[in-house]
Protein chains: 2
Amino acid sequence: MGVLATRRRARMSAVRPTGPLDRVAGAHDAAVLAVARRGEPVARAGLADALQVTPQAISKILTRLIDRGMIAESGSFSSGPGKPTTLYRIVPESRRAIGLHLTSSLLHGVVADLTGQVLERRSVEIDPRQPVPALIADLAGTARELARHGGGEMLGVGVGMPGPVDPVEGIYRGSASSADDWRGAPIRDLLLEELALPVHLDHDSRAALVGESWSQPGLLDNAALVLAEEGLGASLRLDGVMVRGAHSQAGEVGHTVVQMDGLPCPCGRRGCAQVEYLAALAAEDQEQAARVLATVVLDLVRLVDVDRVVLGGRSVYAHHQVTMEAVRRALDEGLRAEARVHVEVLLSTRGIDLIAAGAACQVLEHEYGLPSALVGPESE
Amino acid sequence: MGVLATRRRARMSAVRPTGPLDRVAGAHDAAVLAVARRGEPVARAGLADALQVTPQAISKILTRLIDRGMIAESGSFSSGPGKPTTLYRIVPESRRAIGLHLTSSLLHGVVADLTGQVLERRSVEIDPRQPVPALIADLAGTARELARHGGGEMLGVGVGMPGPVDPVEGIYRGSASSADDWRGAPIRDLLLEELALPVHLDHDSRAALVGESWSQPGLLDNAALVLAEEGLGASLRLDGVMVRGAHSQAGEVGHTVVQMDGLPCPCGRRGCAQVEYLAALAAEDQEQAARVLATVVLDLVRLVDVDRVVLGGRSVYAHHQVTMEAVRRALDEGLRAEARVHVEVLLSTRGIDLIAAGAACQVLEHEYGLPSALVGPESE
DNA sequence: ACGATAAGCCAACGCTGTTGCGTTACGTCA
DNA sequence: TGACGTAACGCAACAGCGTTGGCTTATCGT
């Protein structure tokens with residue numbers, strides 16, 4: 001048995017003898033959910049077109065999803081002669097997941113439904129120097145409180161936090177430079193043991209991008225999310241797939257050099273984006289901060305060719321007018337030579353819940369996300 | 001019917017009623033080929049482990065591949081009691097593809113076998129100002145000559161060329177700035193009509209990376225290839241998948257700014273990597289050229305977290321000692337803070353055939369490549 | 001009220017990998 | 001030399017996927 005999708009399906013519907021075709025089914029189920037997630041009711045014919053399968057197959061797929069309570073009929077629609085088209089919609093309340101956003105001083109958590117909508121939020125202040133067991137207790141406590149809200153099957157807990165994180169092992173790596181009590185903590189396993197729920201640990205900006213793209217499938221297939229909070233981070237989704245990279249550090253723009261002989265950085269070099277950005281903020285020079293951001297964004301756009309850039313994080317919200325304008329201007333200028341390339345700059349839609357909601361969506365994506373290129377229209 | 005793999009399989013074995021399971025089979029076939037491509041004979045048990053399927057399934061998969069002549073038995077291997085393990089190997093000569101490398105003054109072509117090995121090469125000088133029909137005739141002529149060499153089924157023709165290329169539509173876009181007679185030429189369709197063979201047109205550096213990774217599956221799953229020839233280009237493979245980006249321009253590093261107030265560039269800005277690099281070369285300052293390269297590579301490593309960087313192209317070969325050293329030094333310096341991150345810098349293995357062989361491998365990859373994340377060990 | 005039309009269901013089908021059990025080929029030991 | 005244990009492998013039955021072709025259902029136009 002095996003492969004990703006098989007596991008997924010095995011988890012989808014409790015007990016069922018493992019079959020190899022599950023992965024086809026799983027991929028199609030996920031694809032249908034992705035379309036339905038956009039909110040508007042969908043019809044059999046449209047789905048057949050989108051998935052490149054027979055309408056009859058869509059019926060079977062929908063039957064499966066309806067059995068699991070994730071899809072429901074939603075009226076019908078008649079234009080011209082013939083039997084009217086039956087419409088279907090997603091059932092958001094059928095599943096839910098918890099997302100936790102951990103920073104050095106604050107823990108912010110949410111419960112989200114199947115569409116990534118936030119149902120409830122909680123915030124707790126935490127002590128950055130408390131030992132790991134106490135931290136886990138805080139996380140578990142908030143998760144348990146949140147688990148009381150909303151209905152449907154609880155899928156798991158996502159945790160998003162800044163700094164080097166190993167999402168594969170579920171470990172917070174921490175940075176070697178600064179003292180850090182949580183360094184090396186196997187947060188995922190500890191929390192899993194505590195809660196007996198699947199746990200996903202990941203980088204904050206990656207969680208954020210998963211969250212943003214979960215609620216608007218397809219829109220952010222080639223996008224970068226730049227997160228400006230305590231540090232400066234980014235994450236990438238290219239050709240529809242979240243990019244991890246060899247060391248799970250793809251998108252770590254904090255230490256890109258933006259100013260040749262700039263300010264010294266703890267990392268040992270000068271002019272890193274992160275220090276320059278934070279320094280500009282400290283000096284309340286929003287224009288300069290925005291310029292730093294713009295440089296980073298322009299680099300990203302050039303190197304990986306994204307057509308949408310999402311900006312998020314506290315410091316961005318605080319001055320989003322200035323920031324967005326500056327970034328847009330820098331992009332216009334930098335890309336003037338390439339007329340065909342248009343890049344849209346967006347402000348994150350989730351405000352303060354950005355990362356927590358994203359972490360919840362990572363659980364959803366792991367369970368019901370597309371296994372990348374298996375499904376969809378011809379990719380030629 | 002539908003989805004990539006279905007088509008692939010349909011083409012794999014001539015006429016066969018389209019089934020939906022083809023894509024599972026196709027993915028598994030491709031995975032087995034990927035393992036076999038490494039050269040060493042493989043055993044049933046090892047494949048079962050790698051693909052996460054039953055040994056019995058591997059038997060069926062191998063039967064399919066043997067029927068198509070792509071795999072053959074290759075002795076057996078006995079250790080201890082019991083029936084000895086049967087070994088299998090890939091049959092390189094069972095398939096072949098043509099690769100063409102087009103520059104403004106030279107056309108270099110190769111035939112490659114199923115493993116990407118070059119069987120034969122041809123070079124022709126061409127006139128950059130000849131009209132498109134004449135260019136197509138040159139391409140077709142070289143392809144026809146090459147097609148006479150080697151055995152096995154001819155799969156198609158790959159074309160790699162510099163400059164903005166649209167691999168989806170198969171069109172050479174050309175740059176708006178310089179005069180260019182081939183701008184907008186639908187090279188793929190024209191050549192397809194001429195040769196009646198599948199044609200793949202792509203960017204030179206992307207072709208090169210496909211070629212390098214085809215012959216050593218898995219090794220370059222997170223890698224960038226930087227190509228320094230007439231211009232400066234790069235391509236990316238992240239998490240095992242070639243990255244295209246929204247406008248098929250991922251990896252276009254030529255116009256990244258490396259020197260704030262550097263030399264003016266045709267693109268309208270100053271200090272672009274490409275002009276700086278070419279200027280350094282013109283001044284025969286190899287050290288400086290290497291520094292520019294190193295800056296670009298460092299940016300790539302930081303932003304997308306590749307763990308291997310392949311360098312290729314004429315100007316790199318000419319002074320590869322200096323170049324490799326400089327790049328390695330810059331990386332060591334730039335990544336000193338992150339001890340866990342180690343990046344290997346490699347010189348392309350294919351020399352002058354780099355792009356032509358890569359273009360041929362693009363045909364192979366399209367036909368027998370892994371449909372990304374469908375197959376393989378559990379990705380948790 | 002009737003026929004044309006379009007959506008959707010049922011049943012049979014081919015294919016996948018899986019499972020269970022039998023077969024083959026080897027080393028070992030009496 | 002022959003019996004035994006062992007490991008690789010093959011055969012046959014099986015479940016489940018989407019497909020195919022034919023039938024049913026529900027609407028509109030006349």
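Note on naming: letters A, B, ... go to the chains in the order of the sequence lines (proteins, then strands), and numbering restarts at 1 for each one.
- Rounded to whole Å, the distance from CD1 on B/Ile66 to P on D/dG10 is 9 Å.
- As a whole-Å value, the separation of A/Ile58 CD1 from D/dT20 P is 14 Å.
- Annotation: side chain of B/Val24 is in contact with side chain of A/Val24 (closest heavy-atom distance under 4.5 Å).
- A straight line from CG of A/Leu47 to C1' of C/dG8 spans 14 Å, rounded to a whole angstrom.
- Contact of the B/Leu191 side chain with the B/Glu193 side chain is not registered, since no non-hydrogen atoms from C-beta on lie closer than 4.5 Å.
- When rounded to the nearest whole Å, the span between CZ of B/Arg23 and P of D/dG16 equals 18 Å.
- Of the listed nucleotides (C/dG17, D/dG5, C/dA7), C/dA7 has the atom at the smallest distance from the side chain of A/Lys83.
- Contact between the side-chain N/O atoms of A/Arg64 and the OP1/OP2 oxygens of D/dG18 is found at a separation under 4.0 Å.
- The interatomic distance linking A/Phe77 (CZ) with C/dT5 (P) rounds to 19 Å, in whole Å.
- Looking at B/Arg44 and B/Thr86, their side chains never bring a donor and an acceptor atom within 3.5 Å of each other.
- Computed from coordinates, the A/Tyr88 OH to C/dG8 C1' distance equals 8 Å when rounded to whole Å.
- If you check D/dA8, C/dA6, C/dT18 against the side chain of B/Arg44, the one that comes closest is D/dA8.
- Distances shorter than 4.0 Å separate none of the side-chain N or O atoms of B/Ser78 from OP1 or OP2 on C/dC26.
- The listed nucleotides are D/dC17, D/dA26, C/dG8; the one nearest the side chain of A/Thr85 is C/dG8.
- Listed nucleotides: D/dT20, D/dC28, D/dA26. Nearest to the side chain of A/Pro81: D/dC28.
- Side-chain atoms of A/Pro84 lie closest to D/dA26 of the nucleotides C/dC26, C/dG17, D/dA26.
- The CG atom of B/Asp22 sits 13 Å away from the P atom of D/dG18 (whole-angstrom rounding).
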A/Asp29 vs A/Arg68, salt bridge (Lys or Arg N to Asp or Glu O under 4.0 Å): CA-CA, chis, key distance, verdict: CA-CA 11 Å; A/Asp29 294 354; A/Arg68 276 179 239 135; 3.5 Å; yes

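- Contact annotation: B/Ser59 side-chain N/O to D/dG10 OP1/OP2 distance is under 4.0 Å.
- Side chain of B/Ile61, nearest nucleotide from C/dG17, D/dT20, C/dG27: C/dG17.
- Atom-to-atom distance recorded for B/Leu114:CG and B/Leu33:CG is 6.0 Å, nearest 0.5 angstrom.
- The side chain of B/Val24 has C/dG17 as its nearest neighbour among C/dG17, D/dC17, D/dT19.
- A straight line from CG of A/Leu51 to P of D/dG18 spans 9 Å, rounded to a whole angstrom.
- A residue-by-residue look at A/Gly82 and A/Lys60 shows that A/Gly82 has its nearest nucleotide of DNA chain C further toward the 5' end.
- Of the candidates C/dC9, D/dG18, D/dT27, C/dC9 carries the atom nearest the A/Gln56 side chain, counting heavy atoms from C-beta on.
- Using modelled atom types, one finds a donor on one side chain and an acceptor on the other under 3.5 Å when comparing B/Ser213 with B/Arg237.
- Here C/dG17 is the nucleotide among D/dG10, C/dG17, C/dG8 with the atom lying nearest to any side-chain atom of B/His28.
- Within the nucleic acid shown, B/Thr86 comes within 4.0 Å of sugar-phosphate atoms alone, with no base atom in reach, counting heavy atoms only.
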